[in-house]
Amino acid sequence: QVQLVESGGGLVQPGGSLKLSCVVTGSIFSIYAMGWHRQAPGKQRELVATITSGGRRNYADSVKGRFTISRDNAKNTVYLQINSLKPEDTAVYYCNVDLTDGFGVRYDYWGQGTQVTVSS
């Protein structure tokens with residue numbers, strides 16, 4: 001019953017900005033970490049950013065300084081603010097979360113992705 005719902009993707013021009021959101025719903029006991037990955041056409045899925053429940057952040061070198069990951073633990077929501085977008089940022093962005101559900105089972109969940117397209 002745990003579900004991740006992403007939103008905020010779209011078409012933007014180079015240099016523009018977007019803010020992605022991912023809301024986790026269902027029977028949740030504890031969330032340990034949240035993150036974002038992306039997959040561009042013809043490429044492997046790659047890690048973009050992660051954040052622990054304590055606020056520790058990690059970023060891929062390609063996005064560091066332009067992307068910011070944040071979370072609202074009370075709302076079980078993770079965000080990705082993406083600035084100074086480049087065409088090479090075009091990809092499907094996937095949210096994921098490491099959590100323990102109401103039955104005490106720890107598992108890694110994934111959203112279905114949101115498309116980000118950067119083009120003039």
Side-chain angles (χ1 to χ4, degrees):
Q1 291 185 264
V2 174
Q3 186 176 9
L4 279 60
V5 179
E6 298 138 320
S7 62
L11 173 64
V12 296
Q13 295 186 351
S17 298
L18 285 173
K19 188 173 184 178
L20 309 182
S21 299
C22 175
V23 181
V24 185
T25 61
S27 180
I28 302 167
F29 178 77
S30 182
I31 295 177
Y32 301 100
M34 295 175 161
W36 293 91
H37 291 68
R38 68 184 182 185
Q39 187 167 20
K43 296 185 178 180
Q44 299 279 63
R45 186 175 297 188
E46 64 176 348
L47 183 146
V48 175
T50 60
I51 185 169
T52 68
S53 60
R56 183 177 180 180
R57 297 170 171 85
N58 291 103
Y59 298 94
D61 289 342
S62 60
V63 307
K64 194 171 185 178
R66 299 187 297 119
F67 289 22
T68 302
I69 188 170
S70 61
R71 82 281 183 266
D72 187 331
N73 290 338
K75 297 180 179 180
N76 293 332
T77 301
V78 62
Y79 306 93
L80 186 68
Q81 178 68 47
I82 48 182
N83 300 324
S84 302
L85 280 161
K86 304 175 181 179
E88 47 264 48
D89 294 320
T90 296
V92 178
Y93 285 71
Y94 297 91
C95 175
N96 78 286
V97 59
D98 174 14
L99 64 82
T100 296
D101 66 16
F103 294 95
V105 178
R106 187 168 179 174
Y107 193 73
D108 197 52
Y109 291 86
W110 290 83
Q112 296 191 18
T114 183
Q115 176 71 49
V116 173
T117 302
V118 185
S119 177
S120 59

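Note: hydrogens, waters and symmetry copies are ignored here, and every other heavy atom, side chains too, is used.
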Distance check, rounded to the nearest 0.5 Å: [X] atom [atom1] versus [Y] atom [atom2]?
X: W110; Y: Y107; atom1: CH2; atom2: OH; result: 11.0 Å
X: L85; Y: S119; atom1: CG; atom2: OG; result: 12.0 Å
X: Q112; Y: Q3; atom1: CD; atom2: CD; result: 7.5 Å
X: R57; Y: K64; atom1: CZ; atom2: NZ; result: 12.5 Å
X: L4; Y: T25; atom1: CG; atom2: OG1; result: 7.5 Å
X: L18; Y: I82; atom1: CG; atom2: CD1; result: 4.5 Å

Would you name the heavy atoms of [X] and [Y] that are closest together and state the gap between them?
X: L80; Y: Y93; answer: CD2-CD2, 4.1 Å
X: S84; Y: D89; answer: O-OD2, 4.4 Å
X: T90; Y: Q115; answer: CG2-NE2, 4.0 Å
X: R38; Y: A91; answer: CB-CB, 3.8 Å
X: N83; Y: S17; answer: OD1-OG, 3.0 Å
X: S21; Y: Y79; answer: OG-CD2, 3.3 Å

- Query: In a check of side chain to side chain contact (heavy atoms under 4.5 Å, CB included) between L99 and each of V24, D108, N76, which one passes?
  - Reply: V24

Side chain to side chain, [X] and [Y], heavy atoms closer than 4.5 Å:
X: D98; Y: R106; value: yes
X: W36; Y: E6; value: yes
X: I51; Y: V78; value: yes
X: D101; Y: Q1; value: no
X: Y94; Y: V48; value: no
X: T52; Y: T50; value: no

- Message: With a 3.5 Å distance limit and no angle check, can you tell me whether Y59 reaches the backbone of I69 through a side-chain donor-acceptor pair?
- Response: yes

- Query: Would you say M34 and I28 are hydrophobically clustered, going by side-chain heavy atoms of ILVMFWY under 4.5 Å?
  - Reply: yes

- Item | ILVMFWY network linking L20 to V92, side-chain heavy atoms under 4.5 angstrom | no

- Task: Can you establish whether the number of heavy atoms outside Y32 located under 6.0 Å from its atom OH is more than 12?
- Result: yes

